[in-house]
Novice: 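One structure follows; several queries about it will come next.
Both backbone and side-chain heavy atoms feed into the values below; hydrogens, waters and symmetry mates do not.
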Amino acid sequence: LSPETGSADDGSRPAFSSARLEAAVTAASRSLALGGEVLSEETLRSMLPGTESAPGADVTFEPAACSEIAATAAVSAVQDASLAGLAYGREAEAASVLNVAAYADESVLDTLDYIDEAVLSGCAEVRMTRDGTTVTVTNTRLDLTTAADQTLALDTVVSAPAGATRLVVVSARSGSVRLVASLPAPRDPQRDAAEAGLLIDAVLAELGLASP
């Protein structure tokens, strides 16, 4: 494993180590004057839900096929990845978070690509019912491009009996690296997605992965 790039030459490890990802996130935060808190791999893993806490048989999905894109697949996918992240945002507000994951096996990302596309087609609106309470999740695509090979930006609204919450999620992929920015309570979803895109571009540039 190269100490400079964090890359492995035997193909059995992620292309970038967690230390290399942390360095890229730190530099990107500094260049954009975000003043964010860098999140280590250990911190991020402690925040991941266990597969046993993912939606299960006690939750009814409509459409039923959308149960396949529940958290279990995404959580399982990062088990062998290198991770780093950044929490940033305005004071007294919920932080925006960027997660960066590097994989040894790019086929894992093909599964996550499937999930991305599903939330724009048959699962653009999903109703989840548990113990008689129904929550509806609606996803709308936002117009965004980044320096990544693939980019998807979503304006997500979660409606429950207690009220509605909103979240902008921007996911991007370059090679074996996937970046996901989550921005809670966006004031302007399109503008916030664009700002997340700038951060993603800055991290990709630090990793030498920005597409021309």
Novice: Hey, does Pro161 have a side-chain heavy atom less than 4.5 Å from the side chain of Thr133?
Specialist: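 Side chain of Thr133 against side chain of Pro161, heavy atoms only: contact under 4.5 Å found.
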
Novice: Only counting residues at least two apart or in another chain, list the ones meeting salt bridge (charged side-chain N to carboxylate O under 4.0 Å, His left out) with Arg173.
Specialist: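 If we apply the salt bridge (charged side-chain N to carboxylate O under 4.0 Å, His left out) test to Arg173, skipping adjacent residues, the hits are Glu106, Asp110, Asp113.
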
Novice: Give me the atom names and distance for the closest heavy-atom approach of Tyr88 to Val97.
Specialist: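 Minimum heavy-atom separation between Tyr88 and Val97: CE2-N, 4.3 Å.
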
Novice: Using the disulfide bond (SG atoms under 2.5 Å apart) rule, collect all pairs that involve residues 121-156, keeping only residues at least two apart or in two chains.
Specialist: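 Output for this query lists Cys66-Cys123.
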
Novice: CD of Glu41 to CG of Asn99: how many Å apart, nearest 0.5 Å?
Specialist: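 So the gap between those two atoms works out to 11.5 Å.
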
Novice: Which pairs with one or both residues in residues 26-36 pass side-chain hydrogen bond (donor to acceptor under 3.5 Å, both in side chains), sequence neighbours excluded?
Specialist: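 Counting only pairs at least two positions apart or across chains, no side-chain hydrogen bond (donor to acceptor under 3.5 Å, both in side chains) contact touches residues 26-36.
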
Novice: Counting only N and O atoms by type, is there a donor-acceptor contact under 3.5 Å from the side chain of Ser67 to the main-chain atoms of Phe61?
Specialist: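 Such a contact is absent between Ser67 side chain and Phe61 backbone.
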
Novice: Can you pull the salt bridge (Lys or Arg N to Asp or Glu O under 4.0 Å) pairs that have at least one residue in residues 128-146, sequence neighbours excluded?
Specialist: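 Applying salt bridge (Lys or Arg N to Asp or Glu O under 4.0 Å) to every pair that reaches into residues 128-146, excluding sequence neighbours, yields Asp58-Arg130.
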
Novice: Can you list everything that forms a side chain to side chain donor-acceptor pair (under 3.5 Å) with Thr146? Sequence neighbours excluded, please.
Specialist: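 For Thr146 the side chain to side chain donor-acceptor pair (under 3.5 Å) partners, ignoring immediate neighbours, are Thr151.
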
Novice: How many angstroms lie between CD in Glu195 and CG in Leu183, if you round to the nearest 0.5 Å?
Specialist: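 Rounded to the nearest 0.5 Å, the CD-CG separation comes out at 8.0 Å.
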
Novice: Would a 4.5 Å heavy-atom cut-off, applied to side chains only, mark Ser182 and Ser96 as touching?
Specialist: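 Not touching, per the 4.5 Å side-chain cut-off.
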
Novice: What pair of heavy atoms forms the shortest contact from Pro189 to Leu142, and how long is it?
Specialist: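 Scanning both residues completely, I find the closest heavy atoms to be O-CD1, 3.7 Å.
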
Novice: Which pair of heavy atoms, one from Val157 and one from Ala164, lies closest together, and at what distance?
Specialist: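 Scanning both residues, the minimum pair turns out to be CG1-CB, 4.4 Å.
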
Novice: For the CG atom of Leu109 and the OH atom of Tyr103, what is their distance to the nearest 0.5 Å?
Specialist: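 Result: 5.5 Å between the selected atoms.
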
Novice: What closest approach, in Å, do Asp201 and Ala147 show between heavy atoms, and which atom pair accounts for it?
Specialist: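 Smallest interatomic distance, heavy atoms only, reads OD1-N, 2.6 Å.
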
Novice: Output, in order, the C-alpha distance, side-chain angles, deciding distance and verdict of side chain to side chain contact (heavy atoms under 4.5 Å, CB included) for Val135 and Val158.
Specialist: CA-CA 7 Å; Val135 174; Val158 180; 3.4 Å; yes

Novice: Of all heavy-atom pairs between Ala148 and Ala172, which one has the smallest distance, and what is that distance?
Specialist: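 Shortest heavy-atom separation between Ala148 and Ala172 comes out as CB-CB, 3.6 Å.
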
Novice: If you round to the nearest 0.5 Å, how far is OG of Ser82 from CG of Leu44?
Specialist: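 Answer for the CG-OG pair, Leu44 versus Ser82, is 11.5 Å.
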
Novice: Could you give the distance from CG (Leu98) to CG (Leu39), rounded to the nearest 0.5 Å?
Specialist: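 Nearest 0.5 Å value for the CG-CG distance: 9.0 Å.
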
Novice: For a 4.5 angstrom cut-off between non-hydrogen side-chain atoms, does Thr156 reach Val137?
Specialist: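 Counting from C-beta outward, Thr156 and Val137 do come under 4.5 Å.
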
Novice: So which atom in Ala28 and which in Ala202 form the shortest heavy-atom distance, rounded to 0.1 Å?
Specialist: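 Minimum heavy-atom contact is CB-CB, 3.7 Å.
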
Novice: Would you say Leu144 and Leu32 are hydrophobically clustered, going by side-chain heavy atoms of ILVMFWY under 4.5 Å?
Specialist: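 In one cluster: yes.
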
Novice: Please write out which residues are connected to Val169 in a hydrophobic cluster, directly or through intermediates, given that two of Ile, Leu, Val, Met, Phe, Trp, Tyr count as joined at side-chain heavy-atom separations below 4.5 angstrom.
Specialist: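 In the cluster with Val169 are Leu167, Val180.
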
Novice: Test your reading of the model: is there a side-chain donor-acceptor pair from Ser17 to the backbone of Arg20, 3.5 Å cut-off?
Specialist: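 Present.
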
Novice: For Glu37, what residues pass the salt bridge (charged side-chain N to carboxylate O under 4.0 Å, His left out) criterion, not counting sequence neighbours?
Specialist: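 Expected list: none.
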
Novice: Report the residues that fulfil side chain to side chain donor-acceptor pair (under 3.5 Å) with Glu125, sequence neighbours left out, ordered by chain and then residue number.
Specialist: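 Partners of Glu125 under the side chain to side chain donor-acceptor pair (under 3.5 Å) test: Arg127.
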
Novice: Not counting sequence neighbours, which residues clear salt bridge (charged side-chain N to carboxylate O under 4.0 Å, His left out) with Asp155? List them please.
Specialist: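 Asp155: salt bridge (charged side-chain N to carboxylate O under 4.0 Å, His left out) contacts with Arg166.
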
Novice: Identify the residue among Leu199, Leu179, Val100 that makes a side chain to side chain contact (heavy atoms under 4.5 Å, CB included) with Leu204.
Specialist: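 Passing option: Leu179.
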
Novice: Test of understanding: clusters of I, L, V, M, F, W, Y form through side-chain heavy atoms closer than 4.5 Å, transitively. Do Leu198 and Val203 belong to the same one?
Specialist: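 Cluster IDs for Leu198 and Val203 differ.
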
Novice: Can you list everything that forms a side chain to side chain donor-acceptor pair (under 3.5 Å) with Thr145? Sequence neighbours excluded, please.
Specialist: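 Partners of Thr145 by the side chain to side chain donor-acceptor pair (under 3.5 Å) criterion come out as none, since no residue qualifies.
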
Novice: Not counting sequence neighbours, which residues clear side chain to side chain donor-acceptor pair (under 3.5 Å) with Ser107? List them please.
Specialist: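 For Ser107, the residues satisfying side chain to side chain donor-acceptor pair (under 3.5 Å) (neighbours in sequence not counted) are Asp105.
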
Novice: If hydrophobic clusters are built from ILVMFWY residues whose side chains come within less than 4.5 Å, do Leu21 and Val38 share one?
Specialist: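 Same hydrophobic cluster.
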
Novice: Is the backbone N or O of Asp149 less than 3.5 Å from a side-chain atom of Ser174, with the two atoms forming a donor-acceptor pair by type?
Specialist: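 A pair under 3.5 Å: yes.
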
Novice: Under the rule for salt bridge (charged side-chain N to carboxylate O under 4.0 Å, His left out), what residues qualify as partners of Glu206, not counting sequence neighbours?
Specialist: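 If we apply the salt bridge (charged side-chain N to carboxylate O under 4.0 Å, His left out) test to Glu206, skipping adjacent residues, there are no hits.
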
